[in-house]
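Below is one structure, written out as structure tokens; comments come after it.
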Amino acid sequence: MTESLLLWALPALFVLSLFAMRSASLPFWQSFNLDPDYYYLLNGLRIVEGLSPTDVSHPGTPIQIMIGAIIRAMHPFASTEQVVDLVLGDPEGHLMVVTDAIYLLVGLSLWLMGREVWRWGGLVPALLAQSAPFLVRIIVKMALHPKPEPFMVMAAALLTAVAFAALRAEQPKDRHAVWAGVVMGFGIVCKIHFVSLGVLPLLLFDRRRVLVYGLASTIAIAVFFAPALGSLDIWLDWMRRITQGSGAYGAGPQTVIDPSRFFRAIWHLFSGKWFYTGALILSLATMADQARRGGLGATLRDRRVRLLLGVVAAALLTQIMIAKQPAPHYMVPPLMLTGPALALLWSLSRESLPEKWWTGCWAVLGVVLALAGGNAMVRQRAELAQWTRETLAFPTERFGACAKVYYDAASAKSFAFQRGDLNALARYSPKLEKLFPADEFSWFIFDHTWWKQSLMRWNHPVELDAVLAAYPCAVFRGNQFHRFRDLTTGRHFDDTCMANDEMIFTIGITCSGAPVAPQRH
């Protein structure tokens, strides 16, 4: 009874950490939050209206379905038009409820994983498996948002739970293959590169269960993607571009990969991920030692080894899949396998080490994991709190008479809404235009998924010279300021200042709010 209660400890601690870090990083419209929080909010709103989501690059459909369901549940007796108005009027309140639900589901998935590992091997391996989200700061940082990453945490935990349930059984059953397929379909539709984790339980299944697993995965993909079928052409075009391009997001020569960068990126994905990298090295060393001592055939008959081989293969396949765009947050699924790998190593290492050494090594590792995990949580919250303080400290009220031009990516609610709305194919621009002052503009200084580089006032392109002529001063704010400078070469700015990682440029006014005599710009 005590052990089963302890299985709630780490999931509860992680959920509390998420709530604490969210409180340090609000509002959601800050530049380091808005992508894709507002995209997903407005695409979830499209689902409330009975429309297909149009931000399908992940494709992310289960998250959008959940957001739509929560929004509808928050206003059960309101008409659809009233719901739209309520969400546009209070986006932050709705995102708070959505993230509340996500955090609780993440905690539940971690508990389910721990329970299945506990049933297989006891409390210690269960706690090792549950430690994964504490060992790398990027996991908790990404899990804060209504985006695919917390769902990757859930899917990886649930797939691990099914794998350990199959490991515990004398012979995996059809139900194990079905549940593994459902989780795989869910994970893949949340974010396509989750497909690489499909090898995780594969070596545990016989031929029949492999077929059941594949069939269940296919059906689950179809079911979870169904609400986005109206945007299938958008998704297929996106997949064609990112597959053929040798660079990030389909950029670069259309040669699929650039070998000079691709393999170096795979290597660099290990950088700074000490527990993950160490777990993979120890896994390979342990399997090699088992094969040396007992022979390859006997080693592979050990189902623990086969599952560990699946963990290693899933991790490495993920790195291969994401090497064209080696962003740290794409590593969330394989990073979540660090804990399950340690759980399997705990069991396997007992057979190759003297009991005294085995107990001492794992005790030391447990202390190191606890200290490292706690330190990661504290540092991450402190970093988010500092970002928020510095971002919100800049006194924007002193620029009341000026045009406010927000460029990629700026901490401003109108900019967050503008980017989110364009990802929803500008469906809500007519309503949003009435909610915000006429002196706020968004300048997209990069080509985005569904729209090109442009200065806009909601769904209306505008000219910069016309904006400058209409106001006595102008203030430009965003964090991609090197690109902004390139686009404004030759234009004179009267002052520059910083707000966290965003640079502010002014015309006709200084950063302190003092007017500047007109010049030719």
Side-chain angles (χ1 to χ4, degrees), residues 18-19 21-46 55 63-64 67 70-71 84-100 102 141-147 149-150 329 383-397 399 403-424 426-429 431-446 448 451 456-459 475-481 498-504:
L18 290 173
F19 279 107
M21 291 188 195
R22 185 184 65 180
S23 70
S25 63
L26 294 174
F28 292 100
W29 48 256
Q30 292 190 81
S31 62
F32 52 87
N33 289 334
L34 64 87
D35 176 3
D37 297 25
Y38 272 70
Y39 309 177
Y40 273 73
L41 177 68
L42 295 186
N43 276 270
L45 193 55
R46 283 182 63 95
D55 186 2
I63 302 100
Q64 295 158 343
I67 291 173
I70 290 173
I71 289 172
V84 170
D85 290 337
L86 288 166
V87 173
L88 298 184
D90 182 24
E92 296 284 308
H94 289 83
L95 284 170
M96 287 285 282
V97 175
V98 167
T99 49
D100 285 346
I102 289 174
K141 180 180 177 182
M142 291 295 109
L144 291 174
H145 303 283
K147 60 193 295 185
E149 277 62 39
H329 62 279
E383 181 181 88
L384 290 170
Q386 181 180 352
W387 288 359
T388 299
R389 284 194 304 270
E390 293 176 356
T391 298
L392 300 182
F394 190 80
T396 56
E397 63 276 3
F399 305 120
K404 289 84 174 174
V405 181
Y406 302 114
Y407 62 91
D408 294 291
S411 296
K413 186 186 285 190
S414 65
F415 184 81
F417 256 137
Q418 176 79 83
R419 278 188 63 164
D421 187 46
L422 289 178
N423 273 281
R427 177 163 183 80
Y428 304 107
S429 278
K431 287 180 176 288
L432 289 166
E433 189 170 4
K434 298 173 184 177
L435 297 177
F436 288 90
D439 59 8
E440 295 190 24
F441 304 86
S442 296
W443 189 351
F444 300 105
I445 59 178
F446 296 97
H448 289 262
W451 69 98
M456 300 185 71
R457 164 74 184 163
W458 302 110
N459 55 348
V475 180
F476 304 81
R477 177 173 180 165
N479 59 20
Q480 299 295 320
F481 47 84
M498 297 294 295
N500 193 18
D501 66 340
E502 299 169 64
M503 183 167 282
I504 294 149

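Quick note: numbers below take in every heavy atom, side chains included, and nothing from hydrogens, waters or symmetry partners. What you see is a predicted model; the values in this text were computed from it and never measured.
With hydrogens and angles ignored, the 3.5 Å screen pairs a side-chain donor or acceptor of Asn33 with a backbone N or O of Ser25. Remark: side-chain polar atoms of Asp421 are paired, donor with acceptor, to backbone N or O of Tyr428 under 3.5 angstrom. Proximity of a side-chain donor or acceptor of Ser442 to a complementary backbone N or O of Met456 within less than 3.5 Å is not detected. Formation of a donor-acceptor pair under 3.5 Å by the Asp35 side chain with backbone atoms of Ser31 is not found in this model. In this structure, the side chain of Asn423 does not engage the main chain of Tyr39 through any donor-acceptor pair within 3.5 Å. Asp408 places a side-chain N or O within donor-acceptor distance of the main-chain N or O of Ile445, the cut-off being under 3.5 Å. When atom types are taken as modelled, the side chain of Gln418 and the backbone of Trp458 share a donor-acceptor pair closer than 3.5 angstrom.
Side-chain contact between Arg477 and Ser411 is present, with at least one heavy-atom pair separated by less than 4.5 Å. At least one side-chain heavy atom of Arg22 sits under 4.5 Å from a side-chain heavy atom of Met96. Thr99 is not listed as a side-chain neighbour of Pro150, based on a closest heavy-atom distance of 4.5 Å or more. Under the 4.5 Å side-chain criterion, counting only non-hydrogen atoms from C-beta, Phe476 is not in contact with Phe481. With contacts defined as side-chain heavy-atom distances shorter than 4.5 Å, the pair Lys413/Tyr406 does not qualify. Counting heavy atoms from C-beta outward, Leu41 and Pro146 have side chains that stay 4.5 Å or more apart. Residues Leu88 and Leu42 have side chains in contact (heavy-atom distance under 4.5 Å, counting atoms from C-beta outward). Two residues are said to be in side-chain contact when any heavy atoms from C-beta on lie closer than 4.5 Å; Val475 and Thr396 fail this criterion.
Nearest heavy-atom pair, Glu390 versus Asn500, reported as atom, atom and distance to 0.1 Å: OE1-OD1, 3.0 Å. Scanning both residues, Glu502 and Ala410, for their nearest heavy atoms gives OE1-CA, 3.4 Å.
Between atom CG of residue Asp501 and atom OG1 of residue Thr391 there is a gap of 6.5 Å, rounded to the nearest 0.5 Å. Atom OH of Tyr40 is separated from atom CZ of Phe28 by 15.5 Å, given to the nearest 0.5 angstrom. To the nearest 0.5 Å, atoms CD1 (Ile70) and NE2 (His94) are separated by 10.5 Å. To the nearest 0.5 Å, the span separating CD on Gln64 from CG on Leu45 amounts to 11.5 Å. Separation of atoms CG (Leu384) and CG (Leu144) is listed at 6.5 Å; rounding is to 0.5 Å. Distance check: Leu422 CG to Asn459 CG gives 8.5 Å after rounding to the nearest 0.5 Å.
Listed by chain and number, the residues in a side chain to side chain contact (heavy atoms under 4.5 Å, CB included) with Glu383 are Arg137, Lys141, Gln380, Trp387 (sequence neighbours excluded). Remark: Ala416 engages Trp29, Leu34, Tyr38 in a side chain to side chain contact (heavy atoms under 4.5 Å, CB included) (not counting sequence neighbours). By the side chain to side chain contact (heavy atoms under 4.5 Å, CB included) test, Ser23 is found to be paired with Arg381, residues two or more places apart in sequence or in another chain being considered. In this structure, the side chain to side chain contact (heavy atoms under 4.5 Å, CB included) partners of Arg427, at least two apart in sequence or on a different chain, are Arg46, Glu49, Leu51.
A salt bridge (Lys or Arg N to Asp or Glu O under 4.0 Å) check over residues 86-96, counting only residues at least two apart or in different chains, returns nothing.
Annotation: Phe415 is in aromatic contact with Phe444 [ring centroid separation under 6.0 Å].
Among the candidates Val98, Ile102, Asn43, the single residue satisfying the side-chain contact (heavy atoms from CB on, under 4.5 Å) test with Ile67 is Val98.
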Side-chain donor-acceptor distances from residues 432-440 under 3.5 Å, at least two apart:
from	atom 1	to	atom 2	distance (Å)
Glu433	OE1	His460	NE2	3.2
Asp439	OD2	Lys404	NZ	3.0
Glu440	OE1	Ser414	OG	2.5

